[in-house]
Amino acid sequence: MSSPAHTIIDAPRLGLASQPVYATLVQFPAVCFLGTLVTDIAYWRSANYLWETFSVWLLTAGCIVAAFAALAGLLTWIRHRHVRSLRYAKLHVLASAVALVLSIINAFVHSRDGYVAVVPDGLTLSIIVAILMVLATWLGWPRPHLVQRVQSTPTGGL
C-alpha cells in the first residue's frame, strides 16, 4: 500500500521571514518601537518621568538593532533574487525604512526636556511608527498559499 503524495513547500520562496538572520534581527526593533508607544502612553497618562526614560532606551535599542536588521535585509535583498521578486517586498522595505527614519527622529524628539519630549510630537511619531511596524511585519510575513507547490512522488508503504 502506498502513501499519498506529500506536498512540499519550497521554503526559500516563503519570503523575508525565511531568511534567518534578518527574521531574527527584525523582531527586536519591532518590539522596541511598539514598546515605545506603550511607554509614551504611560507617560502621557501619568507624567512620571521614568516612562519617558524607558521610551528613550527602547528607541535607542530599537534603532541600533534596526540598523543591523537593515544591513542583513539589504544583503538578503542583493543576494536572493526571489526575495526581490516577492509581491510585497518593496512595500515591506519602504515601510521598514520609513519606520527607522521616523524612530531616529523620535529619539531626538524624546531627548528634549520635560513633558514636550513626549507629548504631543513623540507620542504622534510613536503611533505612526507602530502602525508602520505592524504594516511592515504583515507585508514581510510568509504567504505559503502564494507559493508554487511541488508534488513529490509517492513512496512505498510498509
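Along the sequence shown, residues are numbered consecutively beginning with 1. In this text the structure is predicted, and so the values were computed from the model without any measurement.
R79 and R84 make their closest contact through N-NH1, 4.3 Å (heavy atoms, listed as atom of the first residue, atom of the second, distance). Between V26 and A23, the shortest heavy-atom distance links the atoms CG1-O, 3.7 Å. In terms of heavy atoms, A136 sits closest to S96 at CB-OG, 3.5 Å. The heavy-atom pair separating D40 from G122 by the smallest distance is OD2-O, 3.5 Å. Across every non-hydrogen atom of L25 and A72, the tightest pair is CD1-CB, 4.1 Å. The shortest non-hydrogen separation linking V129 to S103 is CG1-OG, 3.4 Å.
Between K90 and W77 there is a side-chain heavy-atom pair separated by less than 4.5 Å. At a threshold of 4.5 Å between non-hydrogen side-chain atoms, the residues W138 and V134 do not count as touching. Under the 4.5 Å side-chain criterion, counting only non-hydrogen atoms from C-beta, L125 is not in contact with H110. Two residues are said to be in side-chain contact when any heavy atoms from C-beta on lie closer than 4.5 Å; C63 and F33 meet this criterion.
Side-chain heavy atoms closer than 4.5 Å link hydrophobic residues (I, L, V, M, F, W, Y) into clusters, and following such links, possibly through other members, connects I131 to L123. Grouping the Ile, Leu, Val, Met, Phe, Trp and Tyr side chains by contacts below 4.5 angstrom, directly or via other members, places I105 apart from I64. L58 and L34 are not part of a single hydrophobic cluster, where members link through side-chain heavy atoms under 4.5 Å apart. Tracing side-chain contacts under 4.5 Å through hydrophobic residues (I, L, V, M, F, W, Y), one reaches I128 starting from V101; they form part of the same cluster. In this structure, L50 is a member of the same hydrophobic cluster as V118, with clusters built from ILVMFWY side-chain heavy atoms closer than 4.5 Å.
Judged purely by atom type and a 3.5 angstrom limit, R112 uses its side chain to pair as donor or acceptor with the backbone of V116.
Distance check, rounded to the nearest 0.5 Å: CG of L94 to OH of Y88 gives 15.0 Å. Here T53 contributes atom OG1 and N48 contributes atom CG; the two are 8.5 Å apart, rounded to the nearest 0.5 Å. In this structure, OG1 on T137 lies 10.5 Å from CG on L132, to the nearest 0.5 angstrom.
Of the options L37, V38, T39, a side chain to side chain contact (heavy atoms under 4.5 Å, CB included) to I41 is made by L37 and by none of the others. Among L100, V98, I104, the single residue meeting the side chain to side chain contact (heavy atoms under 4.5 Å, CB included) criterion with L102 is V98.
Ring to ring, F54 and W51 are close: their centroids are under 6.0 angstrom apart. Note: Y115 and Y43 meet the aromatic proximity criterion, with ring centroids under 6.0 Å apart.
A donor and an acceptor atom, one from each side chain of T36 and N106, are nowhere located under 3.5 Å apart.
Relative orientation of the H92 and Y22 rings is perpendicular, given thresholds of 30° and 60° on the angle between their planes.
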